[in-house]
Protein chains: 2
Amino acid sequence: MQQEPPDAPRRRATRNSLSPAVIVTAALAVLDEEGIEAFTMRALATRLEVRPMAVYTYFRSKDELFDAVRDALLGLSLSPVEGSWQDQVRAIARRVREQILQHPFLITLLLTRPLSGRETADSAEAILRVLSDAGFNRETAARAYITLLTHVLGAASWEIQMTAVYQDPDRRSQLDTLPSSRYPTLTALAPELNLTNGGSAQFEFGLDLVLEGLSHKLRADRA
Amino acid sequence: MQQEPPDAPRRRATRNSLSPAVIVTAALAVLDEEGIEAFTMRALATRLEVRPMAVYTYFRSKDELFDAVRDALLGLSLSPVEGSWQDQVRAIARRVREQILQHPFLITLLLTRPLSGRETADSAEAILRVLSDAGFNRETAARAYITLLTHVLGAASWEIQMTAVYQDPDRRSQLDTLPSSRYPTLTALAPELNLTNGGSAQFEFGLDLVLEGLSHKLRADRA
DNA sequence: ACCTGAACACCGTTCAAGT
DNA sequence: ACCTGAACACCGTTCAAGT
């Protein structure tokens, strides 16, 4: 609503105050604080205290800027973990989930903008190495990695959405208002379904399922 | 680019030609043919041969219309399936995936607009009933359903994105251009990773993993 | 009630101009 | 080179008016 503080000093931009890094940092701040739907080139320019077109010296378009923000967030430093291959995969998956939950708009960037494969290269390399070392064959390792990735993305995006819905008291737990004649099981399990919202228990549950399935596959690969 | 055929008859809208159903159908057609990013209220009005504001008699906003389109697409008629609980879950999961692939913009609506739980009630009831009948306890059944749902959403949205990327020859298979010194495993497995794009094999692989994990959980629940 | 016309308050971005 | 000013071609939507 409020566009500018009424008596802002409105100083002219100092020369060379901008750079790709400065712009990405400011964009990240706007995205974190206002959300992706409130992000506009004009809002970003206001935060940078420049006119909107100044950003276009460094990025050709809003989409290109979004790609840069996404790539900055995906450059995860994955510290090596001790333990079984399951433990190592779990650690990486948790790290990716945490990064997404910390910057919820990231899921939108991941599912909206085309990916070349370079952006997720760090976590891909880490997981694929763990799987290869564990003894998975080449195709199984590749498919397992994609499964883990899509699983984490799906779980995280659901989690973000449900916490957003959960904030809104009107929408909270609308399940029990469904007709139990048509949806007997669903209405009966409404309390348990609401339990799946919030916290990491649901994420761990799903991850365990996939890992258990992978253990089974590994035995097959080795046989 | 071309906004209107130059000599279109431009007949006045016949009285009462509109209705929520007619509008949703037209919106669906625009979304299917032009994609969600090209969907505007003005484009929809053009297809309906009315002025943009006519739609607002039936829907308060573009978002409300989007919700109606989403709900129309999620009203799946799930024919009952014979077989094991795994076969039944598989059939429902495949049906949901197919519906999303048929209308790729649906994934955006699902992950963008808040869900109350009513929209997915049909598939939720179906899966939860199968799981309950199979002997899962209440909490496991609830968590398993959410896992299956998020898994399908994640897999489908990845699939859509990868096929879109795959269309673009510039982006195709950029994995082998990565430095193999830093990403030895990733570059070595590039062919196998490219195999995961397209077709349903990757989807089935992931689904099998989850189902295998669930079989394991079921034995624990029963013990 | 249903639909239109004109307008408002936004967008991203082009283009020419300033330093 | 870096940044600005003005403008263009869009948006969704409000509001008053027509039938």
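All chains are named by letter (A, B, ...) in the order of the sequence lines, taking the proteins before the strands, and each is independently numbered beginning at 1. Because only heavy atoms are used, hydrogens play no part in the values below, and waters and symmetry mates are left out as well, while side chains stay in.
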Selected nucleotide, minimal atom distance to [X] side chain, candidates [options]:
X	options	answer
B/Arg42	D/dC3, C/dT13, D/dT13	D/dT13
B/Met53	D/dT13, D/dT14, D/dC3	D/dT14
B/Asn16	C/dT4, C/dC2, C/dT13	C/dC2
B/Met41	D/dG12, D/dC3, C/dC3	D/dG12
B/Tyr58	C/dG12, C/dC3, C/dT13	C/dC3
B/Arg51	D/dC11, D/dG5, C/dT4	C/dT4
A/Ser61	C/dC3, C/dA7, C/dT13	C/dT13

May I ask you to test the A/Leu74-A/Leu110 pair for a side-chain heavy-atom distance under 4.5 Å?
yes
Is the shortest distance from a Lys or Arg side-chain nitrogen in [X] or [Y] to a carboxylate oxygen in the other one below 4.0 Å?
X	Y	value
A/Arg94	A/Glu98	no
A/Glu159	A/Arg97	yes
B/Arg118	B/Asp71	no

Side chains of B/Thr46 and B/Glu49 only: does a donor on one sit below 3.5 Å from an acceptor on the other?
no
Distance in angstrom units between [X] [atom1] and [N] [atom2], rounded:
X	N	atom1	atom2	value
A/Arg60	C/dC15	CZ	P	15 Å
B/Phe59	C/dC2	CZ	C1'	15 Å
A/Ile23	D/dC2	CD1	P	11 Å
B/Tyr56	D/dA17	OH	C1'	19 Å
B/Leu44	C/dC3	CG	C1'	14 Å
A/Phe66	C/dT13	CZ	C1'	15 Å
B/Glu64	D/dT13	CD	C1'	14 Å
A/Lys62	C/dT14	NZ	P	14 Å

When both distances are under 3.5 Å in a Watson-Crick or G-U wobble arrangement, the nucleotide paired with D/dA16 is C/dT4
Sugar-phosphate only, base, or nothing, as touched by A/Thr57 at under 4.0 Å among non-hydrogen atoms
base
